Every structure is written in structure tokens, then in C-alpha cells.
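To start, the structure under review is shown below, and the notes come after it.
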2 protein chains.
Amino acid sequence: MRLLPHPATEDIELTEVLRALSDPIRLEIVARLAAVGEMTCGDAGDHLGVHKSTASHHYRTLREAGVVCTKQEGRLKYMSLRRDDLDVRFPGLLDSVLAASGALARR
Amino acid sequence: MRLLPHPATEDIELTEVLRALSDPIRLEIVARLAAVGEMTCGDAGDHLGVHKSTASHHYRTLREAGVVCTKQEGRLKYMSLRRDDLDVRFPGLLDSVLAASGALARR
DNA sequence: CCTATAGTTTTATCGTTGTCAAACATTGCG
DNA sequence: CGCAATGTTTGACAACGATAAAACTATAGG
């Protein structure tokens, strides 16, 4: 049960977060994460309609931007939103994006 | 005193707005617009450190994404933020981005 | 009318990005 | 051990984007 490397909260950059969120597929991943809380990469990929390597690329983009957190348990990798970290850095940003994307805020 | 073509409010797309805001130069333009309200392209360009044609490209990107509005008066073109339109489409988004970018909200 | 001003468009270059396919790595299971 | 499951990485390719230079457009002013 190991945690993958992520940028520290204070290293999360606004422009990188915005860029990460500016792709429809990544936005969909984020919206789904907001709805279900946690998800394996496989579950995410099932809804995306792209090749699994493409999906993996998007997971990495989201992780490196500081938007999601990934932890490994066995063979599975679980993603979740870094809600608290994002809210510290950019208060209200994620919520407004989620609301705008039509996601259930679930908070 | 003519208005340049812009997307209608309901046609403003979230991902395009996020993409437009995800470039440091464009974010700077937006932050300055938030501070001063209105600005000519020339004034904007003076602070950006890029070629005027590059700056013009960024103005167009912002305009086509629905982030700014441009009106021409004589030889000058004035840009301003489409605050109200953005707030209708994506409530709170622009404010949180501006706050995160360190802009004075001035509202 | 001629010129300067303010910006846009065009052209070219170069790096980045999204995509898939195929190979690879790691983990759990029989 | 060997095999299947779950993702990641690498390689290739096409599309896009940021940039600058130069040509162009439009307007104001002398």
C-alpha cells in the first residue's frame, strides 16, 4: 500500500492545474472522482473511450499537476482528488470548476 | 466604436476558458484587466515581454474563448474581462482564478 | 495625400501534446 | 514457477501552440 510521488502542496502551480483541467477527458476523470471519491485507473478508463495508455498519460498529467493523488494497493492503483491541498492553494477553484462541469459537488 | 465578434455567453466552453487561462502570459493579461478594468492592446503588450504579434495571438485566444471582450475606438482596441458572462456560465470560477493568481479582485 | 500609429495576419520554426500500439513492469494467484 | 491482471513506458505520428519577423490593414493627423 504505497503512495506515488506527488508535488507538495506549495509546489502546485495554478497554470498547471488549469492546463490539466482544460482537457475534456481529464475533466471527466476529475468530475467522476468528485462523484465517487476514489477510483481505480481501470474503472476510470472504462468510461473514457481512449486507449489505456492514453488514459494512463492523463492520470500522470493530473497527478503531476497536483490535481489527483494515487496510491497503490496490490495490483490496483486508486486515484482521488487532492481537494484539501487544492483548496489551500486556490480556494474555491476546484469547487467552481466542478460545479461548472456539471459534477455533483458531493461535499 | 465597433465591437469585435465574440462567442455568445451560452457558447462559452469551460475547457476552452481553462485552457485560455492556463498560459502564464494570458493569465497575466487577465489579472491586469481585473485590476485596471480596461486596457488597450498596446498597454497590455508593454508589460508582457513578447513580440506584439505574439501578444496579439494571446488576445485572440482570450477573446475566442470568451474571456475578454474587445471594442475598437479609433486606432485603439480596448479589452475588458467578460466578468458577468463568465459568472453566469461558471459562477465563481473567474474570481477564484483571480484570487489564486494574486490579482486584486477589485469588485 | 502622405505618413505614422496600432494592431492583425501570414509564414516559418520548434517544442509540446494527445493518441495508439507494442513492449515492459509488477503484483496476485493457482 | 508460470500466468493473468493492471497499469506504465516507449516509440511513432499528427495536430496544436507559442514565438518572432515581415507583410498587411485601418485609422488618425498633418
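As the structure is a prediction and not an experimental result, all values here were calculated from the model. Proteins get letters first, then strands, A, B, ... in listed order; numbering begins at 1 in each.
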What are the two closest non-hydrogen atoms of [X] and [Y], and how far apart are they?
{"X": "A:Ser96", "Y": "B:Ser96", "result": "OG-OG, 3.4 Å"}
{"X": "B:Cys41", "Y": "B:Tyr59", "result": "O-OH, 2.9 Å"}
{"X": "A:Ser101", "Y": "A:Ala31", "result": "OG-CB, 4.0 Å"}

5'-most by nearest nucleotide on DNA chain C - A:Gly49 or B:Leu4: B:Leu4
Residue pair B:Tyr78/A:Arg26 against DNA chain C: nearer the 5' end by closest nucleotide is B:Tyr78
Give every residue pair that meets the salt bridge (charged side-chain N to carboxylate O under 4.0 Å, His left out) criterion with at least one member in residues 54-70 of chain A, sequence neighbours excluded.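 Counting only pairs at least two positions apart or across chains, the salt bridge (charged side-chain N to carboxylate O under 4.0 Å, His left out) contacts touching residues 54-70 of chain A are A:Arg60-A:Glu64.
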For residues 65-73 of chain B, tabulate all N or O donor-acceptor pairs below 3.5 Å that involve a side-chain atom, not counting sequence neighbours.
from, atom 1, to, atom 2, distance (Å)
B:Lys71, NZ, B:Glu38, OE2, 2.4
B:Gln72, OE1, B:Arg2, NH2, 2.9
B:Gln72, NE2, B:Gly74, O, 3.2

Just grab all the side chain to side chain donor-acceptor pair (under 3.5 Å) pairs involving residues 41-56 of chain A, residues at least two apart or on different chains.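 For residues 41-56 of chain A, and leaving out neighbouring residues, the side chain to side chain donor-acceptor pair (under 3.5 Å) pairs sorted by first residue read A:Arg32-A:His47, A:Thr40-A:Asp43, A:His51-A:Ser53.
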Test: side chain to side chain donor-acceptor pair (under 3.5 Å). Region: residues 4-17 of chain A. Which pairs qualify, not counting sequence neighbours? A:Thr9-A:Asp85
Residues 21-30 of chain B, side-chain donor-acceptor partners within the protein, below 3.5 Å, at least two apart:
from, atom 1, to, atom 2, distance (Å)
B:Ser22, OG, B:Arg19, O, 2.8
B:Asp23, OD1, B:Ile25, N, 2.8
B:Asp23, OD1, B:Arg26, N, 3.2
B:Arg26, NE, B:Ala20, O, 2.7
B:Arg26, NH1, B:His58, ND1, 3.1
B:Arg26, NH2, B:Arg19, O, 3.4

Can you pull the contact range of chain B along DNA chain D, 5' to 3', using atoms under 4.0 angstrom from its heavy atoms? D:dG17 to D:dA28
How do A:His51 and A:Arg75 order along DNA chain D: which one's closest nucleotide is nearer the 5' end?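 In this pair, the answer is A:Arg75.
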Using a heavy-atom cut-off of 4.0 Å across all strands, would you classify A:Lys52 as base, sugar-phosphate, or nothing?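 Since a base atom lies under 4.0 Å of A:Lys52, the category is base.
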Bounds of contact between DNA chain C and chain B, in 5' to 3' order, using a heavy-atom cut-off under 4.0 Å: C:dA4 to C:dT9
Members other than B:Leu3 in its cluster, when Ile, Leu, Val, Met, Phe, Trp, Tyr link by side-chain heavy atoms under 4.5 Å?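 Via sub-4.5 Å side-chain contacts, B:Leu3 links to none.
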B:Leu76: which other cluster members, linking ILVMFWY side chains closer than 4.5 Å, directly or transitively?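 Besides B:Leu76, the cluster holds B:Tyr78.
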Please list residues of residues 55-69 of chain A whose heavy atoms come under 4.0 Å from any atom in DNA chain C, ordered by number; otherwise none. A:His57, A:His58
